[in-house]
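First up is the structure itself, then whatever we jot down about it.
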Amino acid sequence: TANGQLQNPSMQGGSASGTDTSAAIATAVNGTVSRALAAHFADTLNLADFGVVCDGVTDNAQTLAAAFSKVASDSSYANGVRIIVPRGQCYSSVKQSIVITDGRSVSLSGVGTGASNLMFASGGLSVTTSGEGNIIVRDMSVLFTGSSNSKSDVALSFIRTNETSVSNIVILSNLDIGSVSGAAGWYKGLYAEGLAPIGISVKFRLPDYYRGGPTDTVDVDLYGYPGT
């Protein structure tokens, strides 16, 4: 030991408790190459890894911002990254943004609508890309918790800032976009600029829905560049 720490320990069998074993080596089932546990866990990230607490009360404005900034810009994820939205109610008081400036792909996945919930008092989630990576958002609810809305309250926004980038694919699957009550809801459920999202089982429940209005009044904005 040195300074109370083990140097290059090796463990066979048994268990470790209260110890950082991220540098320990492990081989996946049916795998042929051993990697550090930290590398295995980094294959798929969980918002909880960044300190996000999904109890419906904690304001995760700062931890969500830190997580989304990390996955969008860190070179470790240049080849793409999948982020898990854990089970529960992940609340943010403000808008959250994922700003991608290279060709990486980003997948944001929950465990099911009503189970994984991104909740916003204002703003919603915005994804901006200037590269040619793909964007996937799936298996979660995106809910408005505010008492009134403004034009900036858009549940999901997808914007391509590079007009020459033509190979982006945006897939939205198994999503429930709505409100925690019928008092107020999103100003818009979906806004896309320069991109054409592919939707599979996406439900919009905006204010008209809660007030008994026709569901075809749901506001979905698709804005393309000339020629797209």
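Values reported hereafter were calculated over all heavy atoms of this structure, with side chains retained and with hydrogens, waters and symmetry mates removed.
Using modelled atom types, no side-chain atom of Ser69 and backbone atom of Ala65 make a donor-acceptor pair closer than 3.5 Å. Put simply, the side chain of Ser109 never gets that close to the backbone of Ile84: no donor and acceptor are under 3.5 Å apart. Listed for the Ser105 side chain is a donor-acceptor partner under 3.5 Å among the backbone atoms of Asn134. At distances below 3.5 Å, not a single donor-acceptor pair connects side-chain atoms of Trp186 with backbone N or O atoms of Ile177. No donor-acceptor pair under 3.5 Å is formed between the side chain of Ser97 and the backbone N or O of Val99. Panel note: side chain Asp153, backbone Gly123; a donor-acceptor pair is recorded below 3.5 Å. When atom types are taken as modelled, the side chain of Gln96 and the backbone of Ala61 share a donor-acceptor pair closer than 3.5 angstrom.
Closest approach of Thr161 to Ser130, counting heavy atoms only: OG1-CB, 3.2 Å. Contact between Ser92 and Leu64 at its shortest, heavy atoms only, is CB-CD1, 3.8 Å. In this structure, Arg104 and Val71 approach most closely via the heavy-atom pair NH1-O, 3.0 Å. Residues Tyr187 and Asn149 approach most closely at N-ND2, 3.6 Å, considering heavy atoms. Shown here for Ala48 and Pro86, the closest heavy-atom pair between the two residues is N-CG, 4.5 Å. In terms of heavy atoms, Asp59 sits closest to Ser93 at OD2-OG, 2.7 Å.
Contact check for Leu195 versus Ile159: no side-chain heavy atoms found under the 4.5 Å cut-off. Inter-residue side-chain proximity for Tyr91 and Val57 is flagged as unmet; no heavy-atom pair is nearer than 4.5 Å. Between Ser201 and Leu175, the closest side-chain pair of non-hydrogen atoms is not below 4.5 Å. The side-chain heavy atoms of Ile98 and Thr128, taken from C-beta on, include no pair separated by under 4.5 Å. Taking 4.5 Å as the limit, every side-chain heavy atom of Glu193 sits out of range of all side-chain heavy atoms of Phe158. Between Phe144 and Met119, every side-chain heavy-atom pair lies at or beyond the 4.5 Å cut-off. Within the 4.5 Å cutoff, no side-chain heavy atoms of Tyr191 are placed close to those of Leu156. When side chains are defined from C-beta on, Phe120 does not count as touching Val154, because their heavy atoms never get closer than 4.5 Å.
The only member of Val170, Val137, Ile135, Val202 that meets side-chain contact (heavy atoms from CB on, under 4.5 Å) when paired with Pro197 is Val170. Of the options Val81, Ile136, Asp139, Leu118, a side-chain contact (heavy atoms from CB on, under 4.5 Å) to Leu108 is made by Leu118 and by none of the others. Just one of Val142, Thr113, Asn117 meets the side-chain contact (heavy atoms from CB on, under 4.5 Å) condition when paired with Asp176; it is Thr113.
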Side chain to side chain contact (heavy atoms under 4.5 Å, CB included) assessment of Leu47 paired with Ile83: CA-CA 7 Å; Leu47 288 179; Ile83 316 119; 3.7 Å; yes
From CA spacing to verdict: side chain to side chain contact (heavy atoms under 4.5 Å, CB included), Tyr77, Val106: CA-CA 9 Å; Tyr77 313 118; Val106 172; over 6 Å; no
Trace of the side chain to side chain contact (heavy atoms under 4.5 Å, CB included) decision for Phe68 with Leu125: CA-CA 10 Å; Phe68 291 146; Leu125 176 65; 4.0 Å; yes
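Legend: residues meeting side chain to side chain donor-acceptor pair (under 3.5 Å) with Thr58, ordered by chain and number and at least two apart, are Asp55.
Each of Phe50 and Val53 belongs to its own hydrophobic cluster when Ile, Leu, Val, Met, Phe, Trp and Tyr are linked at side-chain heavy-atom distances under 4.5 angstrom.
Atoms OG and CD1, on Ser173 and Ile198 in that order, are 11.0 Å from each other to the nearest 0.5 Å.
Within a 6.0 Å radius of CZ in Arg138, other residues, nucleotides and ligands contribute 12 heavy atoms or fewer.
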